[in-house]
Structure formats: C-alpha cells, structure tokens
Amino acid sequence: MNNILDGIEEILLLGPGPSCVRKEVYDALSRKTLGHLDPYFMTIMDGIKDMLKRVMNTGNALTVPMSGTGSAGMEACFVNLVEPGDRVLVLINGVFGMRMSDVAARLGAEVDTLEFTWGTPVVPEAVEKKIREKAYRIVAVVHAETSTGVMNPVAEIGKMLKGSDMLYLVDTVTSLGGIDVRMDDWGIDALYSGTQKCLSCPPGLAPLSFSERATAKLNGRKTKVPNWYLDLSLISNYWGAKRVYHHTAPVNMLYGLYQALLLLLEEGPEKAFQRHRKNHLALVSGLKGLGMEMLVEEPYRLPMLNTVLIPAGVDDLSIRKALRSEFKIEIGGGLGPLAGKIWRIGLMGHSSTEESVTRLLAALKKLLQTN
Ligand code: PLP
C-alpha cells in the first residue's frame, strides 16, 4: 500500500509554531514505550518535573506537563481556578488574550477586559488603575503575544499584584525557553506553556505550574472542577507521590519533552536567550535591508516571533506559497485585523539559527524581486 507519510518533506519551520525538532528529540520519541505506571517511567516523570521547574524558575510542587497542546494548558489554568461569579480581568492585545477571555467567560466568570492596540504592549499604568477600581480573583495576561510579536511587561504587572489577593495567571506558550521566565520572582500564580515553540518538541504537551496560593484556591473550591480530564486535584495524584492512575499519560511524548528540556538545560537557558536575540537582530536588519518595516517598536519586540509589514503591492499568499513550494520554508500570515498585513516569522528554539535567517532572507529577496 502507498504510504502517504513517505511524502513528508523536510520543511524549515519559521512560522508561529511548531518549530524544528532536533534529531535527539525525534530519537527520544521513538524509544520503547513503557507502561505509564512503570517504575522507570516514574523516574522520567520526576526528571521532567525537575527540569520544568528549572526552566520556569519556580519551586512550585504542582508543576506538571498537561496532556494536550498549549490551549489545554490555558483551559486547565482557568477551569481549575475559576468558580462561577469570580471576577477575572483579562489583558488583551492579540488573539490569545481574546481566547483567555472566552475560556474564562465559558466557566461563568465575570470577565472584564482591558484592551490595547494590537502590535503595542499592555500598559501597566492602565492595569494599575483598573485593579484599584475593582478587586479581581484573577488577572490574566499573555507574556509573548504570538499573533502580534509583542512582549508584554509581565514582571511589572506582577509587582503591582504582589501583596493583593488576586491570582496572577500568565501564558508563556511562546516565551518559555526563548526569553527569561521567572515565575516565582515575578509573583506568577498560574503559568502554562506549550512544547512546540521554543522548547522545540512536537505539539502535544502543555507544561503548567501552580503556586501555593493557586493550589490553595484549587483545594478550597466550593464547586468541583467542571472538567474531569483537566482536573488538577486528580492529575496531581498521578504526578505526585501517590501515582494514582488518572488517564494514560502520553508516554513517548513525555520522552520527547524530557529530551528537549535536557537539550535546553545543556545549552544553558541564558545562552539560548542570547542565541534567540542574536538571530532576531540579524533577521530584523536583513528585512530592513530588503526595505521592510517591523510592526512592533523596540523594546517590545519578541526575539522568537518577528512580525514584519508586508510591502505595499506584494501578495501575502503567493509569497508564502512560493516559500513553501520552492524553498521549503514555512512562515505565518497575520491573524484577525492583521491578516494580509503582516508576516509572522518564528525563530523559535531549534529554528533559531544563523542558517535559518540566511536561508529565509535569500528566498524572500528572490521572491520580492519577481513579485
Ligand atoms: N497561547 C499562545 C501565546 C499561543 O501562541 C498559542 C498557540 O500558538 C496558544 C496559546 C495555543 O496553543 P496551541 O495551539 O498549542 O493549543
């Protein structure tokens, strides 16, 4: 029988995720499957937890990879923390902030939003004013807004919330592994991420961590967590000392995450951040050389997600199609109000190399000349 999988080509993944995966991680994925309650697998689980804590800069006991993609991490944070009627403030400057507010509203939260122009950061002073007017149970923000390429001032907002009863919930799907994330220092109570961006593991897991305060809110709920699969009070019994079966863990995906975290820690997070920054600067200067402008102003540009304005008269789709078919490179288009206006160029994890930048710039140069 013809196997369609044989037609998979090697594509340089320079979109908003997934990013390129290293051979070591592919090798890890294909290791022998163990039982999800096997004693050796337990040691691998402990290794993953320890490495996640190091990468997130947290001492939180409740630090686990959730089964599912980044959105499962988002759902898990809200579904475990929100009870109907809880006041939630979501800071929005892109698609993923909007998704957070949708998720919280579906759980019966009283959601307020503070919106900022797409392509610009959340303004801490506006947040300060809002939280002085009203007390919230949860304040939520996206660290690296993948839809716009903006880095939000997560540390500053955390400072404002310190000492209050409000829980601080942060999306680090795109930031973790590419820029500094300091969960404990920044006062973050609930944090989630995804494997397919700067961790350079295929999509499928959502690292998550809850502070003691967040865990206390979970344990003190008046109502049951309204989602069995994502209920952290059950999942923590599998990932904790009791090892109670909840659902069959995606064993091989977890091998992949183990290996990806090991590679990141072997390189050293600081070095990885510098590499992301260096390649980002090279890309920006190359794009400028081609006469293109970035959407986001410094110092709010994300090094792993570069948003560049599509030059007037250039057709978005035909360039992206040609990049894929002729040059075997994937980049992303704009979302929502930015559709057709920007390209989103990811230099995430293993995709963030000098060679990626050179290959993309050369291909874009050729295509823009003939467009
Ligand atoms: N949050 C951010 C900032 C993202 O960039 C994404 C995905 O791109 C998500 C959440 C959702 O993750 P996933 O698509 O893996 O479910």
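Every value quoted in this text rests on a predicted model; they were computed, and no experiment measured them. Position 1 is the first residue of the sequence; numbering continues from there. Every number for a ligand or one of its atoms is a count from 1 in the order of the listing.
Here the side chain of Arg182 pairs no donor or acceptor atom with the backbone of Asn57 at under 3.5 angstrom. A donor-acceptor contact shorter than 3.5 Å is absent between the side chain of Asn60 and the backbone of Leu62. Under the 3.5 Å distance criterion, the side-chain polar atoms of Arg221 are left unmatched by any main-chain donor or acceptor of Glu83. A donor-acceptor pair under 3.5 Å links the side-chain atoms of Arg275 to the main chain of Gly349, judged by distance alone.
Contact between Lys197 and ligand 1 is present, with at least one heavy atom of the residue lying under 4.0 Å from the ligand.
The atoms of ligand 1 that sit less than 4.0 Å from any heavy atom of Ser71 are 11 (C), 12 (O), 13 (P), 16 (O). Annotation for ligand 1: atoms under 4.0 Å from non-hydrogen atoms of Thr174 are 5 (O). Counting atoms of ligand 1 from 1 in the listed order, those under 4.0 Å from a heavy atom of Arg99 are 11 (C). Atoms of ligand 1 lying under 4.0 Å from at least one heavy atom of Val142, given by number and element, are 3 (C). Below 4.0 Å from some heavy atom of Thr146 lie the following atoms of ligand 1, by number and element: 2 (C), 3 (C), 4 (C), 5 (O).
Looking only at protein heavy atoms, the nearest one to atom 1 (N) of ligand 1 is Asp171 OD2, 2.6 Å. Residue, atom and distance of the protein heavy atom nearest to atom 6 (C) of ligand 1 are Phe96 CE2, 3.2 Å.
Using a 4.0 Å cut-off between charged nitrogen and carboxylate oxygen, Lys217 and Asp86 count as a salt-bridge pair.
Just one of Arg87, Glu133, Lys134 meets the side-chain contact (heavy atoms from CB on, under 4.5 Å) condition when paired with Asp112; it is Lys134.
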- [ ] Take Tyr238 and His247 through the test ring pair (Phe, Tyr, Trp, His ring centres under 6.0 Å) and record every step on the way to the result.
- [x] CA-CA 9 Å; Tyr238 173 59; His247 64 275; 7.1 Å; no
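Residue-level proximity to ligand 1 for Ala144 is carried by the backbone, the only part with a heavy atom below 4.0 angstrom. At a heavy-atom cutoff of 4.0 Å, ligand 1 is contacted by the side chain of Gln196 but not by its backbone.
The nearest pair of heavy atoms linking Asp185 to Lys162 is O-NZ, 3.0 Å.
An N or O contact shorter than 3.5 Å links Gly70 to ligand 1 by distance.
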